[in-house]
Amino acid sequence: MTAALVLQTSFLGDVVLTTPLLTHLAARGAVDVVATPAGAAILDGHPAVRRVIAYDKRRADAGPRALARLAGTLRDARYDAAYHAQGSSRTAALSWLARIPVRRGFDASAGRWLYTERVRYRKAEHHARRLLDLAAPADAPLPRPTLHPAGADHDAAAALLASAPFGDAAFVALAPGSVWGTKRWPDYPALVAALPPELGIVVVGGAEDAPQAAAIAATASERVLDATGRLRILATAALLARATALVTNDSLPQHLASAMDVPTITVFGPTVPQFGFGPLATTARVVEHPGPLACRPCSSHGPATCPLGHWRCMREIPPATVAAALASVTRDVAPR
Ligand code: SF4
């Protein structure tokens with residue numbers, strides 16, 4: 001039986017998008033993953049993964065000594081091949097120091113000079129597809145990403161929903177946050193005002209998204225449950241699985257919904273789905289500035305503030321357009 005190591009220490013959404021690659025590799029043998037502590041938590045209980053090795057590259061494991069220590073641990077495991085889903089020179093050095101004989105990564109990655117095999121980075125493809133390219137033929141079908149919340153995650157989601165002011169009515173999840181300020185569509189409160197009053201609303205995200213949740217709750221507290229900062233990521237995925245649909249920015253919850261196959265509306269502002277990070281749920285819609293808007297896209301992640309000062313890419317997306325996209329994916333937005 002072969003043993004493969006996947007190195008994925010990028011953003012949490014990228015970890016979700018790596019799961020098709022993990023599942024593909026698991027059909028051949030054991031798969032271990034090096035991930036950040038937060039990324040490791042996302043992969044808890046994933047059946048394709050034998051072991052997740054947490055690598056806290058910015059804090060506890062920062063510096064060359066920790067890198068060498070981890071490389072020694074990986075060397076002892078005698079992996080047959082390493083797959084670089086994250087392309088830094090640091091992770092390339094890790095698999096090289098671990099003496100893994102086959103080290104495969106993208107030809108566009110910073111660490112490519114240490115790989116033994118380089119795979120073409122297909123810029124026009126979805127990132128999940130690009131990652132799958134590391135092990136599968138270019139024409140292999142792309143399965144949806146997958147996550148496996150534990151029973152305790154489903155219980156936590158159910159317990160939180162039991163406290164919702166809307167009882168057991170159908171609900172839409174909203175994810176108004178993003179690390180990058182310009183990716184936060186500002187009109188979630190107006191969207192809620194445009195939705196049928198019978199529909200429940202659950203705001204998901206981290207504790208840092210509480211201000212956006214509070215602004216939404218201020219518009220309709222009698223039907224809004226603020227779940228920000230109250231569930232771990234896999235429990236949030238479990239909660240999303242119960243939602244009628246998710247409206248989100250270009251951020252992690254979109255990828256959680258893809259994995260749980262929840263109808264998804266993604267609002268793109270300074271970034272575009274052509275970067276390869278759009279929704280992969282069976283039913284999904286993208287809402288963008290009606291255009292033309294020559295400055296868009298303006299960066300790969302979206303800047304903290306609009307460099308032109310007007311932030312038209314987000315401010316000019318009408319709530320009615322998002323509401324219409326939502327209505328197109330679920331009948332629950334019609335009054336019951
Ligand atoms: S420069 Fe354009 S795309 Fe970038 S944040 Fe401003 S309005 Fe949006």
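Read the numbers this way: they start at 1 and go in the same order the structure lists the ligands and their atoms. Along the sequence shown, residues carry numbers from 1.
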Restricting to non-hydrogen atoms, name the atom on His255 and the atom on Gly278 that form the minimum distance, rounded to 0.1 Å.
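Minimum heavy-atom contact is CE1-O, 4.4 Å.
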
What pair of heavy atoms forms the shortest contact from Val34 to Thr9, and how long is it?
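Shortest heavy-atom separation between Val34 and Thr9 comes out as O-CG2, 3.9 Å.
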
Listing, residues 269-277 side-chain donor-acceptor contacts under 3.5 Å, not counting sequence neighbours, or none:
| from | atom 1 | to | atom 2 | distance (Å) |
| --- | --- | --- | --- | --- |
| Thr271 | OG1 | Asp250 | OD2 | 2.8 |

Atom CD of Glu125 and atom CZ of Arg120: how far apart are they, to the nearest 0.5 Å?
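One gets 8.5 Å once the value is rounded to the nearest 0.5 Å.
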
Show me which atoms of ligand 1 lie under 4.0 Å from any heavy atom of His310.
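Heavy-atom distances to His310 below 4.0 Å select 7 (S).
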
Any atoms of ligand 1 less than 4.0 Å from a non-hydrogen atom of Arg312? List them with their elements.
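Taking each heavy atom of Arg312 in turn, ligand 1 has 7 (S) under 4.0 Å.
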
Strictly under 2.8 Å of atom 4 (Fe) of ligand 1: which protein N/O/S atoms qualify?
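Listed by chain and number, the nearby protein N, O or S atoms are Cys298 SG.
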
Is the shortest side-chain N to carboxylate O distance from Arg232 to Asp44 below 4.0 Å?
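The answer is yes: the pair qualifies as a salt bridge.
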
Can you say whether the rings of His127 and Phe106 are parallel (under 30°), tilted (30 to 60°) or perpendicular (over 60°)?
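Tilted, since the angle between the ring planes falls between 30° and 60°.
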
State yes or no: are the ring centers of His289 and Phe268 separated by less than 6.0 Å?
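No: the rings miss the under 6.0 Å criterion.
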
